[in-house]
Amino acid sequence: MPSYNPKVVEPRWQKVWEESKTFRTPDDSDKPKFYILDMFPYPSGAGLHVGHPEGYTATDILARYKRMRGFNVLHPMGWDAFGLPAEQYAIEKGVHPREFTQKNIATFRRQIKTLGFSYDWDREVDTTDPGYFKWTQWIFLVLFDTWYDRKLNKGRPISELPIPADVQAQGDKAIRTYRDGKRLAYQAEVAVNWCQALGTVLANEEVIDGKSERGNHPVVRMPLRQWLLRITDYAERLLDDLASVNWPEPIKKMQRDWIGKSEGAEIDFALSPSSVVLRPRTTDHGLRTTDYGLIRVFTTRPDTLFGATYMVLSPEHPLVADLTTPAQSAVVEAYQVAAAKKSDLERTELAKKKTGVFTGSYAINPVNGASIPIWIADYVLVSYGTGAIMAVPAHDERDFQFAQTFDLPIHPVVLPPRAWLEKTNVFAMLDKLGAGQANPNRETLHYNEAAVLKSVMPMLQSADPDRYKMIEHLYRHDIELFSECFADEGIAINSGSFNGQTTADFKRDITDWLAKERQGKRKINYKLRDWLFSRQRYWGEPFPILHEVDAEGNPTGAIEPLSLGDLPLLLPEVEDYKPTGNPEPPLAKAKGWLDVTKDGKRYRRETNTMPQWAGSCWYYLRYLDAKNDQAFCDPAKLKQWLPVDLYVGGAEHAVLHLLYSRFWHKVLFDRGHVPCAEPFQRLVNQGMILGEMEFTAFKETGDWVSAEQVNFDGDTALLKGTDVKLEIVKIDEDTVEKKGDSFFRKDVPNIRVDARAFKMSKSRGNVINPDKVVEQYGADSLRLYEMFMGPLEAVKPWNMRGVEGVYRFLNRVWRLVIDDRLETVKLLDAVQDVEPDKETQRFLHHTVQRVTIALDTLSFNTAIAAMMELSNHLTKQTVRSKSVLKTFMLILSPFAPHLAEEIWNALTVPPSPSGRGVGGEGTLVYEPWPTFDESLLNADSIEVPVQINGKVKSKLTVAPDIDKSALEEAARNDEKIKPLLEGKTIKKVIVVPGKLVNFVVG
RNA sequence: GCCGAAGUGGCGGAAUGGCAGACGCGCCGGACUCAAAAUCCGGUCCCCGCAAGGGGGUGUGGGUUCAAGUCCCACCUUCGGUACCA
């Protein structure tokens, strides 16, 4: 093996590491701990993608580095293995999803192992393993057993829930219902996407334009009993505790926005008596609108209450039926049906035009007694606030559009600042009319301009016309002339005794007033909804829940959790995995499994399964004690290892996975099962790796079309502004050249070409398979390239030539030490046990410094650059110091561990007389990280630029510690500078020792 | 629309406010070779110039500063997130 051959070196070291359990992490170490976590993968059938090893390599480098820095490093890997693709495969092929899943896991494990990551494989977890999901089910039981105490701001055992006396008086059943209504895991009727044709419930992303993604069948939203988790109770803490973690600010912001806290008031509007159909409500829809005869709204702008000129309820609002007058009932019902057919997305994204219908009823504005019409419209969502709004068209963009569409009154109550008013269309009209000219030409006036004129005529004719006064007058009295809506803060007008107040003061005062009048109260609302936690699927964790049934098999409403001793509750074997054809989940088909008799009572098992998030919510805890069958984790181990010191993964999990995990963690914390409030101390998102750069040209009926006239999304190209489809021609890099900002075809002038890197996808055919890269260049090259591409967080395109570049670097490193002309692995004669020269010594220490700093700042690409420079320096030497090379291998080892181990062994183990020559199996994994000596970093002399007026004119070679005045003196006397300064006035001299000298001359 | 990130050679990228383009790719030239590959050496931001040298240059336009890729203001483009949340 004379030349560098990763195919031999890499498997050899992987075997050594595996057999001697080099990376087994002891729990009983007195070293400081460091927990480095990767987001574990979903083992898809497609195998590993080059995007996976990006984050894994980064964490592996840090894990290896931290080990050498004396940390006890926990670095585990596992599988997020429940999920839809396996179930889909099972439906199609009729095999058990477990089979497919296990096969995929085996592939992933094999692929990951070939990359030489230093995982402690004894801690591997698999979310589909009963030994694992036993504890997922147990955590669900903890959620089920917990209620949120708002006074203590803490989740507590349900047994500690105070039962109000009136409930107590009604007996056991009432108490049970009361408790069930307070649990963090509860059941409710929730609208789901039901597709009759496919006979299944679909996830939101499987529904496109109200049709199923597969087959294009109609999808309707229908209510179904579901499990929900009361994450909203934790909204405030999920928000607050973001301050305590070291995460990228944009990710924190995304979480804050998702939680969506807004402060305002709830206000009750009485119904106008004449129009109310008083009927007691029979169902509880979970809305906070409690009494009939009232509509409760939430608003963040209670200060605009005087401007509320109508109300809007969401079409699903429970009061709609009661409020609809006979004359309106046909249109209202038709509108409700139409709205039910639309998905949330359609209602918002696609519907640019506002729609709605009048119910026929009126409500009373509490501040002025005005009777205002009540409409329903789908721009009001039932799931936010109270499902009803007071519409203030003058100061809310949506209400403004709605009012314009349906010609509803607009009533200004906030005076905008002058700057806003002077940018309006009306102000422009005033300008055009030539304010101050007494007699504009009435013949040519536009309708609106005539109205403006009429309104301000007396002011125009006054002695001193003031345009600002006029625009203010127009805003107050003729707001319908304005084409824009003012939704910001300003000064109150038309608001009775509140006039003149600022928005902030008004909000405070009116909220107090409403509270005093018992018409409203201060209220905080969150966008965050309770977490819909059940799926109508087979391949997920079964719920450890029994539903009591009566003699006829009908549910009594009583629910019974399984006890820990009954866990894990396994998935039943079923004949097939096809949907049942009705909204019942596939588990309903498992007859023998379904029915349970316990203590003489009959039960039916819960047939929903948990979503994929469940297993991934807590896997970082299981790694700490992966095989424990007595507890989800030993408390001592939790205490030792938590929190995760560094968590690396894709930004696609910025919101949901991280939010859900944090929520579960907090519940476990409240219940005393984990010792800290936040699981992930530091978070880093790796950027996506795109496919190779592609050059695309376009043709229409044989003629080239320049790229700026084309709308190209990667798949289809349309001539801009038309729907003319263009021919897409993939062209070679060699046939294009860059002019200015874009690329052009070399052979055809002025034909611009699209140059872009796309997301890797099967259909595009630009997926890079890591197996192939390893096959051709080895794992060390793949690792190094992924890190050398650019900053970890950045999105960057793949380039196979770049892999070759780092491969060549590794070859050079090999040849630096190993004689590649021989058959056996032997050191080059140039490698000797000598002290390095001063320059090399300095270079080495400087490199150690650069690599160390780079690792501490996760700047892997610059660390590699530094080592390349060191390698280039050493290559030039005919005698190479062994100690320098050994240090080099230590700092290289986290990046290219196989190669570093091999060379390290060649350098440390004396050659044996026969056989392989050198090559022991002593690992460098726990060698101490090299230190650098600051005093050796300074060169004997340094170059200092000399500038005149900020432009470099000369360079001085001086001692590194030269003082300020000596440096200035040297600069003045420099032979290039001297003549340039002659005859000039030196206004100022800036001297930064060790950096530069700058003469400012006149 | 709103929010976020980013715009630096042919490409990926580097630069505590202090010599822009480190390192790598690609390209050009040379050495080795019968030849090629591999390897090694040199060059490579743009413009003017044989050269010495000079001028320009970090998306655009302004500003702060002795000095700006870096700080401030406005704008443009690309990518990502989000979607009537009252």
Side-chain angles (χ1 to χ4, degrees), chain A residues 3 248-251 253-254 256-258 260-262 264 297-301 304 312 344-345 347-349 351-352 354 377-381 383-392 396-399 401-402 487 525-529 651-652 654-655 687-688 690 693 733 736-738 741 743 755-757 784-785 788-791 793-806 808-809 811-812 815 820 850 859 861-869 871-872 875-876 943-955 987-990 992 994-1001:
Chain A
S3 57
E249 211 42 57
I251 300 293
K253 189 169 178 353
M254 281 165 79
R256 283 191 201 105
D257 290 350
W258 191 266
K261 179 179 182 175
S262 53
V297 301
F298 172 71
T299 177
T300 54
R301 291 294 299 270
T304 60
V312 186
D344 274 349
L345 208 70
R347 279 191 181 195
T348 57
E349 190 171 15
K352 293 288 172 217
K354 295 270 180 291
D378 62 10
Y379 81 90
V380 175
L381 308 175
S383 46
Y384 184 77
T386 62
I389 61 157
M390 64 174 202
V392 184
D396 181 282
E397 192 63 48
R398 297 149 301 181
D399 298 343
Q401 284 172 18
F402 192 81
N525 245 312
Y526 301 93
K527 238 162 42 174
L528 184 70
R529 319 269 165 83
E652 65 272 21
V655 177
M688 205 187 344
L690 305 175
M693 177 87 111
E733 194 179 345
V736 299
E737 60 187 336
K738 193 164 190 180
D741 282 340
F743 287 90
R756 235 187 296 179
L784 215 54
Y785 175 63
F788 191 55
M789 288 172 86
E793 298 91 333
V795 176
K796 41 214 176 262
W798 188 269
N799 180 356
M800 212 40 112
R801 283 183 183 143
V803 187
E804 245 173 83
V806 294
R808 286 209 284 259
F809 163 63
N811 270 288
R812 280 199 295 276
R815 287 195 308 268
D820 67 339
R850 286 172 71 188
S859 172
N861 51 337
T862 58
I864 295 166
M867 290 187 287
M868 284 173 167
E869 287 177 56
S871 157
N872 290 344
T875 303
K876 291 181 197 128
E943 254 193 359
V944 173
V946 183
Q947 302 178 329
I948 292 180
N949 288 342
K951 291 190 190 285
V952 179
K953 293 292 174 184
S954 182
K955 283 170 187 178
K987 285 196 200 155
K988 198 173 178 182
V989 184
I990 287 102
V992 185
K995 288 283 183 193
L996 60 27
V997 181
N998 186 13
F999 294 101
V1000 184
V1001 301

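Chain identifiers are assigned alphabetically (A, B, ...) following the order of the sequence lines, protein sequences preceding nucleic acid strands; residue numbering begins at 1 within each chain. Both backbone and side-chain heavy atoms feed into the values below; hydrogens, waters and symmetry mates do not. Just so we're clear, the structure is a prediction, and the values are computed from it rather than from any experiment.
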Practice prompt. Would you check if A:D399 and A:I389 make a side-chain contact, meaning some heavy-atom pair closer than 4.5 Å?
Written response: yes
Practice prompt. Classify the ring geometry between A:W798 and A:Y785 as parallel (under 30°), tilted (30 to 60°) or perpendicular (over 60°).
Written response: perpendicular
Practice prompt. Take atom CD of A:E804 as the centre, draw a 6.0 Å sphere, and report whether it contains more than 12 heavy atoms from other residues, nucleotides or ligands.
Written response: yes
Discussion item. From CD of A:E652 over to C1' of B:U82, roughly how many Å is that when rounded to an integer?
Written reply: 16 Å
Worksheet item: Less than 3.5 Å between a donor and an acceptor, one on the side chain of A:K955 and one on the base of B:C19, is that the case here?
Response: yes
Worksheet item: On a whole-Å scale, what distance lies between the P atoms belonging to B:G29 and B:A38?
Response: 16 Å
Worksheet item: Take atom NZ in A:K987; do more than 12 heavy atoms of anything else shown fall under 6.0 Å from it?
Response: no
Worksheet item: How close or far is atom P of B:A86 from atom NZ of A:K354, stated in whole angstroms?
Response: 14 Å
Discussion item. From C-beta outward on A:P945, which listed nucleotide comes closest to its side chain: B:C66, B:C19, B:G12?
Written reply: B:C19
Worksheet entry | Same-atom distance (P) from B:G21 to B:G69, integer angstrom | 12 Å
Discussion item. Let's see if you can work this out: which of B:G24, B:G56, B:A86 has an atom nearest to the side-chain heavy atoms of A:K951?
Written reply: B:G56
Worksheet entry | P-based separation of B:A5 from B:C71 [nearest Å] | 12 Å
Discussion item. Between the base of B:C19 and the side chain of A:K995, is there a donor and acceptor pair under 3.5 angstrom?
Written reply: no
Practice prompt. Send over the distance from A:K527 NZ to B:U82 C1', rounded to a whole Å.
Written response: 8 Å
Discussion item. Work out how far the P atom of B:U8 is from that of B:U78, and round it to whole angstrom.
Written reply: 14 Å
